Every structure is written in structure tokens, then in C-alpha cells.
Asks: 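Before anything else, here's the structure in question.
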Amino acid sequence: MSTKYEPVDELEAVRNVDLGVNGGPLPGKDDTLLKKGEEEEENPLWVVHVEARLKPSSPALADSIKKSVKEFLAGYVQTLMLPSTVTGWTTYPALANNLDLLRITESTCTSDRVPFSQAELEIHVYQPTDGDAFEEFATSKTDGEEVVAASVCELPCRNWDGLWDT
């Protein structure tokens, strides 16, 4: 159900604006006034981040994968659970041939469930490397001996996948 605002006049509309601390508008409230007959949005869109990890051999372009992920989720999912690993995408050929993993990671919504109709998807497509880290050496100034200066790894890397989650 939508609330309709019908101020008597502009002065009356200004008097009816929600006030917060120190007389200013409440945080997050839009300070523009609704005109007569306009509706306030009751079902806001929440940004939901989706990770699509490509198979190492996938030649697919990110845009085509994003489109396929969106089509799949729109057709098969009513509510997005946060965080979760999506199942069932292996029956969708465009995804089964190219993806390793599909995850719903986070959202601006404070709930752990977001109805698909209220989700604005931010789909992140990535293809991790299988390479191992390699070491860079430097020569010590004091005794001339070579010492490990750094371990270098190309990211995203399959060996480190999920490390951030722990």
C-alpha cells in the first residue's frame, strides 16, 4: 500500500516534513517534497552483489555471463539469501559451460533475505588463475647474500579463493 501525500499548500508541506536532531531532516530522508498525487516508494531496490567465477578454460565474455546470470536468477529464484552459494545453474547451458561457482555475497539490505523483485544486481565476473606464487629475491647490502624480498601471486588466484571469508 502506498502513501499519498497531498499537502494543502507549500507552507503546510514544509511544516509536515519529518524533523530529526537539531531540526534537520532525518538521515536518509529525501529533502525534496512530493507533489500532490505522487507516491512514496515502499519497496526500495537493494544492491545485491553476485560473484560469478569462470572456469579456467572459459572463453566467455563478462557481459554475456552477466546477462545469463541475471536471466537465470530472474527465472529460478524468488528470494536471494545472503550470503549463499547458488545451486541449479548447472542446468542452464550458458552458465554450465562457463561457470565454476555462483555466489550471492552481500547487500546494502540489513536483512539476510532480499526478494528478487527488490534486488538491483551487481554481478562481478572473474576468472582466477591457477598459477602458484613466485618469490622475488634481493641482495643483502651487508653480506651480499640473496634473500626473499617478496612472494608474488597474480590475483584473483584459485589457491587463495575464499581466504578473505575465513
Side-chain angles (χ1 to χ4, degrees), residues 1-4 25-32 34-35 37-140 145-166:
M1 182 169 161
S2 297
T3 305
K4 290 193 176 194
L26 290 173
K29 289 277 190 177
D30 185 1
D31 60 357
T32 60
L34 294 175
K35 292 186 173 70
E38 286 185 338
E39 296 182 9
E40 184 179 79
E41 190 175 341
E42 284 186 1
N43 297 324
L45 289 180
W46 299 101
V47 175
V48 177
H49 294 275
V50 179
E51 289 183 1
R53 181 174 71 196
L54 294 175
K55 291 179 180 179
S57 60
S58 175
L61 298 174
D63 288 341
S64 67
I65 293 296
K66 287 179 182 182
K67 181 180 176 195
S68 295
V69 166
K70 192 170 189 172
E71 287 173 0
F72 167 76
L73 291 174
Y76 294 97
V77 178
Q78 291 181 0
T79 302
L80 301 168
M81 305 294 290
L82 303 162
S84 66
T85 299
V86 179
T87 58
W89 55 266
T90 54
T91 60
Y92 199 79
L95 298 178
N97 295 332
N98 294 296
L99 286 189
D100 252 351
L101 184 66
L102 186 60
R103 279 191 283 220
I104 311 295
T105 58
E106 62 186 13
S107 174
T108 55
C109 183
T110 55
S111 173
D112 63 347
R113 296 170 187 241
V114 178
F116 188 82
S117 61
Q118 291 180 298
E120 182 179 322
L121 300 179
E122 286 289 331
I123 302 169
H124 309 281
V125 179
Y126 67 101
Q127 190 168 29
T129 64
D130 284 326
D132 290 327
F134 62 91
E135 295 177 340
E136 292 277 332
F137 292 93
T139 305
S140 172
E145 189 177 323
E146 283 198 351
V147 293
V148 175
S151 292
V152 179
C153 183
E154 184 180 348
L155 297 177
C157 177
R158 185 174 296 282
N159 295 338
W160 290 18
D161 191 47
L163 180 66
W164 187 260
D165 300 331
T166 60

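Keep in mind that this is a model prediction, so the values were computed, not measured.
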Asks: Around atom CD of Glu146, are there more than 12 heavy atoms of other residues, nucleotides or ligands at under 6.0 Å?
Replies: yes
Asks: Taking atom CG of Asp112 and atom CE of Met81, what is their separation to the nearest 0.5 Å?
Replies: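 So the CG of Asp112 and the CE of Met81 are separated by 5.5 Å.
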Asks: Do the non-hydrogen side-chain atoms of Leu80 and Phe116 ever get within less than 4.5 Å of each other?
Replies: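 Yes; the side chains approach each other to less than 4.5 Å.
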Asks: Mind listing the closest non-hydrogen atom pair of Ala52 and Val69 along with its distance?
Replies: CB-CG2, 4.3 Å
Asks: When you compare the side chain of Ser107 with that of Leu82, does any pair of heavy atoms fall below 4.5 Å?
Replies: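 Yes; the side chains approach each other to less than 4.5 Å.
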Asks: Hey, is the main chain of Trp46 close enough, under 3.5 Å, to the side chain of Thr108 for a donor-acceptor pair?
Replies: no
Asks: Report yes if some heavy atom in the side chain of Leu102 is under 4.5 Å from a heavy atom in the side chain of Thr87; otherwise report no.
Replies: no
Asks: Hey, does the side chain of Ser58 reach the backbone of Ala60 with a donor-acceptor pair shorter than 3.5 angstrom?
Replies: yes
Asks: Out of curiosity, Arg103 CZ to Glu51 CD, how far, rounded to the nearest 0.5 Å?
Replies: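 Spacing of CZ (Arg103) from CD (Glu51) equals 4.5 Å.
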Asks: Is there side-chain contact between Arg53 and Leu99, with at least one heavy-atom pair below 4.5 Å?
Replies: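 Side-chain contact under 4.5 Å: no.
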Asks: Once rounded to the nearest 0.5 Å, what's the spacing between atom OH of Tyr76 and atom OH of Tyr92?
Replies: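 One finds 7.0 Å between OH of Tyr76 and OH of Tyr92.
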Asks: For the pair Thr79 (side chain) and Arg113 (backbone), establish whether a donor and an acceptor sit closer than 3.5 Å, ignoring hydrogens and angles.
Replies: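 Checked: no pair found.
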Asks: Indicate yes or no: at least one non-hydrogen side-chain atom of Pro44 is less than 4.5 angstrom from one of Gln118.
Replies: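 Yes, at least one pair of side-chain atoms sits under 4.5 Å.
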Asks: SG of Cys109 to CG of Leu45: how many Å apart, nearest 0.5 Å?
Replies: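 Output value for this atom pair is 11.5 Å.
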Asks: Minimum heavy-atom separation for Leu95 and Phe72, please, with both atom names.
Replies: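 Smallest interatomic distance, heavy atoms only, reads CD1-CB, 3.7 Å.
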Asks: With a 4.5 Å cut-off on side-chain heavy atoms, are Asp100 and Leu54 touching?
Replies: no
Asks: Has the side chain of Lys70 got a donor or acceptor atom that lies under 3.5 Å from a matching backbone atom of Ile123?
Replies: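 Not a single qualifying donor-acceptor pair exists.
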Asks: List the atom of Thr91, the atom of Gly88, and the distance in Å for their closest heavy-atom pair.
Replies: OG1-O, 2.8 Å
Asks: Gln127 side chain to Lys55 main-chain N or O, any donor-acceptor pair under 3.5 Å?
Replies: yes
Asks: Can you tell me if Glu106 uses its side chain to pair, donor with acceptor, with the backbone of His49 under 3.5 Å?
Replies: no
Asks: Within a strict 4.5 Å, meaning less than it, do heavy atoms of the Ile65 and Asn98 side chains meet?
Replies: yes
Asks: Go through the steps to decide whether Ile104 and Thr85 satisfy the test side-chain contact (heavy atoms from CB on, under 4.5 Å), and finish with yes or no.
Replies: CA-CA 6 Å; Ile104 311 295; Thr85 299; over 6 Å; no
